[in-house]
Number of protein chains: 2
Amino acid sequence: MTSEPNLLAVIQRQLNELNKSEAKVAQAILNAPEEATRSSIASLAAAAGVSEPSVNRFCKRFGATGFPDFKLQLATSLASGVRYVSRAVEFSDDINTFPTKLFDNAINALMTAKEELPLKAIARAVDQIAQARRVYFFGLGTSAAVARDAEHKFFRFNVPVFTHEDPLMQRMLAASAGVGDLFFFISHTGRTKVLVEAAEIARQTEATIVSLTAEGSPLADKSHCCINVKVEEDTEQYLPMTSRLVQLVILDVLAAGVTLRRGEGFTPHLARIKDSLKDTRFQTS
Amino acid sequence: MTSEPNLLAVIQRQLNELNKSEAKVAQAILNAPEEATRSSIASLAAAAGVSEPSVNRFCKRFGATGFPDFKLQLATSLASGVRYVSRAVEFSDDINTFPTKLFDNAINALMTAKEELPLKAIARAVDQIAQARRVYFFGLGTSAAVARDAEHKFFRFNVPVFTHEDPLMQRMLAASAGVGDLFFFISHTGRTKVLVEAAEIARQTEATIVSLTAEGSPLADKSHCCINVKVEEDTEQYLPMTSRLVQLVILDVLAAGVTLRRGEGFTPHLARIKDSLKDTRFQTS
DNA sequence: GCTCATTATGTAGTAAATTTACAAATATTC
DNA sequence: GAATATTTGTAAATTTACTACATAATGAGC
């Protein structure tokens with residue numbers, strides 16, 4: 001992938017270094033980029049008022065092998081530009097608009113997070129979870145639900161897993177920790193006092209502290225390993241929406257990482273857990 | 001924007017409805033999408049082992065005017081960087097591949113869900129939640145965490161919200177329900193016996209039953225309103241990954257819907273709730 | 001201001017790629 | 001098992017893109 005992030009910007013920038021007919025082509029493309037991706041070399045040449053080979057030369061000047069290749073690059077750069085805009089729900093929205101907006105925001109958050117995945121921290125966290133004798137998932141508010149979800153995933157690895165929403169329980173468990181215990185803190189801001197305090201207490205023991213939170217936050221400072229999640233939560237919104245989705249997928253990643261660590265021989269164990277649910281369900285007719 | 005957000009997902013989904021040679025073309029494209037955008041109709045036909053017109057027909061089947069137009073759409077959908085559809089994690093994967101796969105799967109699930117959003121059911125559910133005097137969110141296993149998350153959202157609307165993971169509590173609460181009570185059941189399969197039974201019990205009262213589950217499932221049959229979520233969970237995977245993400249976003253949508261219903265005058269109330277958390281956090285330096 | 005060299009642009013032909021029309025092959029129905 | 005519908009391929013037509021070359025424009029040196 002050698003293609004420029006934004007072809008239109010490149011064209012714009014070089015506009016005055018182009019000779020007459022190339023400039024005409026550039027102008028025609030800048031005027032109607034989407035249309036340019038769909039038109040033939042002949043129609044674009046006509047639109048710009050130049051000959052076809054001029055268009056072709058223009059394309060080669062911008063690194064393309066020819067006109068079709070140029071169109072491809074143009075289409076690609078147009079597509080990636082539009083995507084990353086999260087739109088807030090407004091009171092003027094109706095049923096046809098706001099659900100789509102929320103889904104778009106969620107998708108954007110995951111796409112953004114995917115691009116800046118802290119792989120090193122993730123790998124390290126997988127190591128530490130795989131080695132732990134006991135794992136505690138602690139979160140409050142929305143993150144409590146995330147912790148609960150994590151509990152439902154990680155118990156499968158033959159390691160005792162605990163969650164507690166009660167800050168007092170969290171403190172006490174943190175205080176009584178020892179070697180092999182792993183505390184996994186989940187917090188979007190990383191500034192929730194009672195949670196940070198619990199982390200502080202745990203840190204004074206032999207336990208390992210891993211956190212899924214914002215880099216540079218008080219909670220991150222208390223951790224041996226911090227998985228930094230960059231999610232720009234819409235501050236106008238009164239409900240945290242997207243950050244917890246990213247957290248959940250990160251936890252999926254960690255769970256998958258531990259599974260891979262356990263190796264292929266571990267699948268029968270997972271299969272057994274899955275099968276245990278069979279009788280709790282109505283069979284498909 | 002008339003172009004599909006994710007052409008590959010669409011192709012993948014329709015794979016078994018295609019005839020032989022079209023399926024071959026589909027496979028060739030899914031195997032090497034980037035290459036397909038760069039190749040001519042002849043080389044793609046050769047790669048798929050079919051004739052050129054077959055490739056052309058394939059393109060038209062997916063809404064393109066022809067092969068070049070199809071390539072354009074494909075390039076556009078690839079530009080987002082989201083790779084294949086539902087690629088299972090394999091034991092040969094390493095830290096550089098499996099996290100991306102999981103994120104892609106999550107993104108794809110949300111994109112697919114977004115395309116087939118049951119807006120009518122959502123609107124109806126918003127109505128019913130907005131009118132309810134009391135709301136119970138019930139789910140088990142992974143869905144229990146989703147229910148918990150919902151609780152953290154919906155209490156903001158001045159309506160008493162309850163969650164219980166205990167099936168016995170769920171039964172008893174269902175039995176003692178009356179007018180104005182709303183039971184919101186969350187279940188990916190819609191076949192979990194104890195949950196369906198609770199729904200059945202609730203249905204015998206004056207309460208309203210809303211469910212977020214699979215259409216046509218026993219749970220859906222017991223509901224006044226069923227929000228159908230089509231998520232093809234990878235059955236080889238031992239952990240439910242993507243369905244709960246879609247459920248969470250749907251619940252966000254419902255919460256947003258209720259907020260819009262309450263109207264602009266409701267924002268101070270939400271602001272007050274948000275402000276109440278201020279003192280629980282360490283201030284940003 | 002003229003000539004030569006250089007660069008820029010267009011014309012026309014050619015090659016390649018795409019599409020259409022039609023025929024053969026395959027599957028489906030009664 | 002014949003008749004019909006569907007699928008697939010062949011070959012020709014058409015569109016599209018590229019190359020080679022010619023002409024026009026520009027600019028430098030005298």
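Here is the naming used below: chain letters follow the sequence lines, and residue numbers restart at 1 for every chain.
Atom-to-atom, CD1 of B:I41 to P of C:dT20 comes out at 11 Å; the value is rounded to the nearest Å. The interatomic distance linking B:F67 (CZ) with C:dA17 (P) rounds to 11 Å, in whole Å. Look at CZ on A:F58: it is 18 Å from C1' on D:dC18, rounded to the nearest Å. One can place CG of A:L72 at 13 Å from P of D:dA17, the figure rounded to the nearest angstrom. As a whole-Å value, the separation of A:K24 NZ from C:dA8 C1' is 12 Å. One atom, CG of A:N19, and another, P of D:dG27, lie 12 Å apart when rounded to the nearest Å. Distance CZ (A:R61) to C1' (C:dA8): 11 Å, rounded to an integer number of Å.
A:K60 comes within 4.0 angstrom of sugar-phosphate atoms only, judged by non-hydrogen atoms across all strands, and of no base. A:S40 comes within 4.0 angstrom of the backbone, heavy atoms only, and of no base.
In this structure, B:F183 has its ring center closer than 6.0 angstrom to the ring center of B:F138. Here the two rings, on B:F67 and B:F58, have centers that are 6.0 Å apart or farther.
With distances taken from any side-chain atom of B:P53 to the nucleotides D:dG9, C:dT18, C:dG10, the minimum falls on D:dG9. Comparing atom distances between the A:K20 side chain and each of C:dG10, D:dT26, C:dA27 picks out D:dT26 as nearest.
The side chain of A:S51 contributes no N or O atom lying less than 4.0 Å from OP1 or OP2 of C:dT9.
Across the interface with DNA chain D, nearest-nucleotide mapping of A:E52 and A:R57 shows A:E52 to be the residue nearer the 5′ end. Projected onto DNA chain C by closest heavy-atom contact, A:S54 and B:N56 fall at different nucleotides, the more 5' of which corresponds to A:S54.
Looking at A:I29 and A:L44, their side chains come closer than 4.5 Å, going by heavy atoms from C-beta outward.
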(message) I'd like to know whether B:R124 forms a side-chain hydrogen bond (donor to acceptor under 3.5 Å, both in side chains) with B:H224, so could you lay out the CA-CA distance, the side-chain angles of the two residues, the decisive distance to 0.1 Å, and finally the verdict.
(response) CA-CA 10 Å; B:R124 216 170 137 212; B:H224 293 105; over 6 Å; no
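A side chain to side chain donor-acceptor pair (under 3.5 Å) with B:E22 is found for exactly one of B:R57, B:R61, B:Q14, namely B:R61.
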